[in-house]
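Since we're looking at a predicted model, the values are computed, not measured.
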Amino acid sequence: PSEIGNLTNLTGLWLWNNQLTGQIPSEIGNLTNLNDLYLHDNQLSGEIPSEIGNLTNLSYLYLHSNELSGFISNSFCSFPADIDLLFFDNNLCPPYPSCIEDYVGEQDTSECDETVTDYDGNTYETVQIGDQIWMAENLKVTHFKMGTAIPTGHSSSEWTNLSTGAYAVYDDAPSNADIYGNLYNWYAVDDSRGVCPEGWHVPSDDEWAILTDYLGGTSVAGGKMKEAGLDHWNSPNTSATNESGFTGLPAGRRLFTNGYYTSMGNHGSFWSSSESSSSYAWYRNLYHSYSNVLRDTTNKQFGLSIRCLGD
């Protein structure tokens, strides 16, 4: 029961092998004097409350052999380095925080959702790369996540004068949106109504850096992120292996200078949520004849692709 959070002087809680059911109450995070927390070999379910990360005096945390599901919070990285952790034999989903992934053990991940659905009902494959969960497809949603339509249908001259969120479809051809997703200006990225589905966001400049660092640095990460072959990329599609599973596509761009569409087949360009000035924001670019990932800044009126990142 939630009232367990009132027992703030407890130093040990030994409740293993009692056929306990239900969820672990978040109020357990109030027990900051705990040294030992044994909840293993029960039938506890639901997510592990992130508040357990408040228990920085723990020496033992045994949660194994339950029916716990969902994700493990990064708050668990605040535990002492010498804590004894056991999580095995649950239904916990990746990605697991790198600080404790050696303690996770065998998990039943059959119920972990490997897709995400946007407001329009579009379903996207996802991929784990390091500790991050990325969409493996470009965003194509036409509404903010609570249902407000994102403006579209702007002429070339109208596009160049926008200072509010909008999207466009390359060459105004719906078949391009089906394959490559939509092209959004940065004002749509920055809109407080949220362009990514619930539980997802447009990655920051720093979060893009985490991805490319994990893949070996910007000089080689592009090849690992690009879809292999020439079905969508123009030749030579240098070093493209897609070994990361990111499946980067060359969706092209809509220019901020004249509103023209350009570079489909050559460039895959992805917004970050980080602005570099009042008029410019950071983005990442993949190119058909290079293996690198370019980090650069451009005008917020540019129409680029979006890849969403799990929260």
Side-chain angles (χ1 to χ4, degrees), residues 1-117 123 125-134 136 197-201 210 214 245 309-311:
S2 60
E3 289 81 4
I4 200 170
N6 297 327
L7 306 178
T8 54
N9 291 321
L10 278 181
T11 58
L13 187 59
W14 304 292
L15 296 174
W16 75 86
N17 199 22
N18 276 293
Q19 299 184 357
L20 298 176
T21 60
Q23 298 187 355
I24 301 173
S26 61
E27 289 81 3
I28 205 166
N30 296 337
L31 308 184
T32 54
N33 289 311
L34 277 181
N35 301 127
D36 308 328
L37 180 55
Y38 298 138
L39 299 177
H40 57 90
D41 291 285
N42 285 295
Q43 299 171 38
L44 297 170
S45 58
E47 295 194 6
I48 303 173
S50 62
E51 289 81 2
I52 286 183
N54 298 335
L55 307 181
T56 54
N57 289 313
L58 281 178
S59 297
Y60 298 92
L61 176 61
Y62 289 178
L63 299 177
H64 59 280
S65 303
N66 279 290
E67 299 173 9
L68 298 168
S69 59
F71 299 96
I72 301 175
S73 170
N74 283 312
S75 67
F76 286 19
C77 291
S78 61
F79 289 144
D82 58 351
I83 189 173
D84 192 355
L85 299 169
L86 291 175
F87 291 101
F88 67 85
D89 195 19
N90 280 292
N91 307 317
L92 297 168
C93 297
Y96 307 117
S98 58
C99 59
I100 61 170
E101 61 185 348
D102 292 340
Y103 305 97
V104 172
E106 190 73 20
Q107 301 290 326
D108 180 357
T109 60
S110 60
E111 297 300 317
C112 295
D113 192 0
E114 296 181 357
T115 64
V116 60
T117 302
T123 299
E125 297 294 325
T126 64
V127 61
Q128 179 181 350
I129 308 175
D131 287 339
Q132 297 174 312
I133 296 289
W134 289 84
E198 191 69 36
W200 296 76
H201 63 277
I210 290 170
Y214 179 81
L309 178 65
D311 292 351

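Within the 3.5 Å criterion, the main-chain N or O of Pro49 finds no donor-acceptor partner in the side chain of Gln23. A side-chain donor-acceptor contact under 3.5 Å links Asp108 to the backbone of Ser110.
Remark: Trp134 engages Gln132 in a side chain to side chain donor-acceptor pair (under 3.5 Å) (not counting sequence neighbours). Applying the side-chain contact (heavy atoms from CB on, under 4.5 Å) test to Thr117 and every residue at least two apart in sequence or in another chain returns Thr123. In this view, Glu125 and Thr115, Ala136, Glu137 satisfy the side-chain contact (heavy atoms from CB on, under 4.5 Å) rule, not counting sequence neighbours.
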Side-chain atoms of residues 10-17: list all donor-acceptor pairs with protein atoms under 3.5 Å, sequence neighbours left out, distances to 0.1 Å.
none

Could you go through residues 52-72 and list every donor-acceptor pair under 3.5 Å that involves a side-chain atom there, pairing it with any protein atom two or more places apart or in another chain?
| residue | atom | partner | partner atom | Å |
| --- | --- | --- | --- | --- |
| Asn54 | ND2 | Glu51 | O | 3.3 |
| Asn57 | ND2 | Thr32 | O | 2.8 |
| Tyr62 | OH | Asp84 | OD2 | 2.8 |
| Asn66 | OD1 | Asn42 | N | 3.2 |
| Asn66 | OD1 | Gln43 | N | 3.3 |
| Asn66 | OD1 | Leu44 | N | 3.0 |
| Asn66 | ND2 | Leu39 | O | 3.0 |
| Asn66 | ND2 | Leu63 | O | 3.1 |
| Asn66 | ND2 | His64 | O | 3.3 |

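Here disulfide (SG to SG under 2.5 Å) pairs that include residues 14-86, with residues two or more places apart or in two chains, are Cys77-Cys99.
Here Thr109 contributes atom OG1 and Asn90 contributes atom CG; the two are 12.5 Å apart, rounded to the nearest 0.5 Å. Note that CG of Asp89 and NE2 of His40 are 12.5 Å apart. Values are rounded to the nearest 0.5 Å. How far CG of Asp131 is from CD1 of Ile129: 11.5 Å, rounded to the nearest 0.5 Å.
For Tyr38, the OH atom sits in a packed shell: over 12 heavy atoms of surrounding residues, nucleotides or ligands are nearer than 6.0 Å.
The shortest distance between side-chain heavy atoms of Val116 and Ile133 does not fall below 4.5 Å.
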Notebook entry, point to check: Taking it one step at a time, do Tyr103 and Phe76 satisfy side-chain contact (heavy atoms from CB on, under 4.5 Å)?
Noted result: CA-CA 12 Å; Tyr103 305 97; Phe76 286 19; over 6 Å; no

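Contact between Ser2 and Pro25 at its shortest, heavy atoms only, is CA-CB, 4.0 Å.
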